[in-house]
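Just so you know, ligand 1 is whichever comes first in the structure, and atom 1 is the first atom listed for that ligand. Only this structure's heavy atoms are used, side chains among them; waters, hydrogens and symmetry mates stay out.
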Amino acid sequence: MTGSERGQALPVAVEHARRWLDSLEDRPVPPQAQVEELVERLGAKLPDGPQDPAAVVEHLASALEPGLTAMPSGRFYGMVIGGSHPAALAADWLTSAWDQNAGLARLTPAATATEQVAAAWLLDLLGLPSQSAVGFVTGGTMANFTGLAAGRDEVLRRVGWDVAIRGLAGSPGVRVVVGQERHDTVDLALRYLGLGAPEAVEADAEGRLVVADLERTLSARELPTVVCLQAGNVHSGGYDPFAEAIDVAHRHGAWVHVDGAFGLFAAAAPAYRHLTAGAESADSWATDAHKTLNVPYDCGIAIVRDPAAVKAAMGMHGDYLIHDEAGDPFEKVPELSRRARSIPVYAVLAALGRQGVADLVERMAGHAAAFARGAAELPGVELLNDVVFTQVCMRFGSDERTRAVVERLLADGEAWMSGSTWHGRAVLRISVSNWSTTESDVRRSLRALQRAAEGV
Ligand SMILES: Cc1ncc(COP(=O)(O)O)c(C=O)c1O
């Protein structure tokens, strides 16, 4: 097969990708077709024989187009969803074309070198210890899983229990202590790790862990302990008080993990760095490149201060594998085979530079503040959080009216904001996480919110 035969479907993909990207400025943000219709458009019957690859891609792109949500649009503020920076998007295409299995250093010097450079740049930007191990995983959930796995094994090792050999059954046990408002996926990661539900300590009105309650909880009994803190609450954007909480946790011999899926990047912006102050003293950290850093899905980052601790949890040996004595990328993550996720991360960091990353973070947080100011003028609105970073949370009177505003806003199509429940009450959340959001997007979205609020 020749090179041009291998790439025969690419021009079709380029054409459709261009059309999609060009449509983002004006297309409705919500999808225009639902699953049933799309299944029909795709064709439910498996073809009997081969089809032309370019024709398949043409059909796929045309069939799915109405079912796409404009998540990379500057007016998508749902969940915590970043866009794709142009450099990261193009680098991601190359990552697919190059098709490197990034697990082994000697198998792919290119991916390994990129991982080393991207890792060093990330540690520098985030103000974290330069010798830390950096693993590229699927997302925040698995980044938390990785840091918590290293912590679980290490606190048991300190009491003479080797999880790798003996498993968890019969072990002294590990208690995991979290704030009341940790992200739900932390509990999921703990389930995967066989640790069950964590012990939750009080959180304040902004969802930040209360240190006095952490101290009380840890003093109640001594066990191998992992404490999981949070940089960026999905409702308020609030940050746990790291310096005090980590000091307390370390005095009790705990491993401290920080879930900073979107919020850890505040450390890269001088105007917001105070939010993460003290977090650098933790033992492990999780963040997502597919959120604040705006690389395409999927890309989470697991950082562990002591490379030996994560290697003990994730490392293995295979006789047929070409191991590198200096260490292999797979020793920092749960998977062996995986995509070279560091390549788009390198691209966006190189394209933005230190100042560009700071500007990106400051622009997103600035738009969130503009949303808070604009929303405050809408009739019947109640702002619920102190807008310290990129998240804004509000209510429109009763639960019923708030849900109706969210529904009406989504039906309007101009912008996407999520409904949620916070402190037992229905809320509307705005998460500004996209590099391409402009002041004009914020104005357009506020007008849409006003139309929705006035319409119910
Ligand atoms: C604070 C926090 N932790 C963890 C996650 C899970 O990340 P992912 O969806 O990338 O697995 C999220 C997702 O929004 C988050 O905001």
- [ ] Identify, by atom number and element, the atoms of ligand 1 in contact range of Gly232, meaning under 4.0 Å from any of its heavy atoms.
- [x] 1 (C)
Open item on the list: Can you confirm whether the side chains of Asn434 and Thr437 place a donor and an acceptor under 3.5 Å from each other?
Closed with: no
TODO: Answer yes if the side chains of His16 and Glu65 hold a donor-acceptor pair under 3.5 Å, and no otherwise.
DONE: no
TODO: Please work out whether any backbone atom (N, CA, C, O) or any side-chain heavy atom from C-beta onward of Met79 is under 4.0 Å from ligand 1, and answer side chain, backbone, both or neither.
DONE: neither
TODO: Could you find the nearest protein heavy atom to atom 14 (O) of ligand 1 and give me its residue, atom name and distance?
DONE: Lys291 CE, 3.0 Å
Open item on the list: Quick test of your reading of the model: are Arg341 and Asp298 salt-bridged, counting only N-O distances below 4.0 Å?
Closed with: yes
Open item on the list: Could you check whether Glu181 and Trp422, counting side-chain N and O atoms only, form a donor-acceptor pair closer than 3.5 Å?
Closed with: yes
TODO: Look at ligand 1 and say whether Met142 reaches it with a heavy atom at a distance under 4.0 Å.
DONE: no
Task: Candidates Ser445, Ser418, Ser433 - the one meeting side-chain hydrogen bond (donor to acceptor under 3.5 Å, both in side chains) with Tyr77 - done: Ser445
- [ ] Within a distance under 4.0 Å of any heavy atom of Phe262, pick out the atoms of ligand 1 and give their elements.
- [x] 16 (O)
Open item on the list: Under a plain distance cut-off of 3.5 Å, with no hydrogens placed, do Asp283 and His257 share a side-chain donor-acceptor pair?
Closed with: no
TODO: Find all atoms of ligand 1 within a distance of less than 4.0 Å from any non-hydrogen atom belonging to His290, and give their numbers and elements.
DONE: 10 (O)
Task: Protein contact of atom 16 (O) of ligand 1 - nearest heavy atom, named by residue and atom, plus distance - done: Val234 CG1, 3.3 Å
Open item on the list: I'd like to know if the side chain of Thr276 pairs up with that of Tyr239 as donor and acceptor (distance under 3.5 Å, no hydrogens or angles considered).
Closed with: no
Open item on the list: Would Gly300 count as a contact residue for ligand 1, given that I'm defining contact as a non-hydrogen atom of the residue lying under 4.0 Å from a ligand atom?
Closed with: no
TODO: Heavy-atom distances under 4.0 Å are what count here, so tell me which part of Thr141 touches ligand 1: side chain, backbone, both or neither.
DONE: both
Task: Sidechain N-carboxylate O distance under 4.0 Å for Arg19, Asp22 - done: no
Open item on the list: Evaluate Gly139 for polar contact with ligand 1, using N/O atom pairs at a separation under 3.5 Å.
Closed with: no
Task: Donor-acceptor pair between Ser73 and Arg27 side chains, under 3.5 angstrom - done: no
TODO: Considering the heavy atoms of Asp288, write down every atom of ligand 1 situated less than 4.0 Å from one of them.
DONE: 7 (O), 8 (P), 10 (O)
Open item on the list: What protein heavy atom lies closest to atom 15 (C) of ligand 1? Include the residue and the distance to one decimal.
Closed with: His183 CD2, 3.3 Å
Open item on the list: Suppose we measure from atom 4 (C) of ligand 1 to each protein heavy atom; which comes out shortest, and what is that distance?
Closed with: Thr185 OG1, 3.3 Å
Open item on the list: Set out, in order, the CA-CA distance, both residues' side-chain angles and the distance that settles salt bridge (charged side-chain N to carboxylate O under 4.0 Å, His left out) for Arg208 and Asp204, then state yes or no.
Closed with: CA-CA 5 Å; Arg208 296 170 301 211; Asp204 66 12; 2.8 Å; yes
Open item on the list: Heavy atom to atom 3 (N) of ligand 1, shortest distance: which of Asp298, Asp259, Val137 holds it?
Closed with: Asp259
Task: ligand 1 atoms in contact with Gly140 (distance to a heavy atom under 4.0 Å) - done: 7 (O), 8 (P), 10 (O), 11 (O)
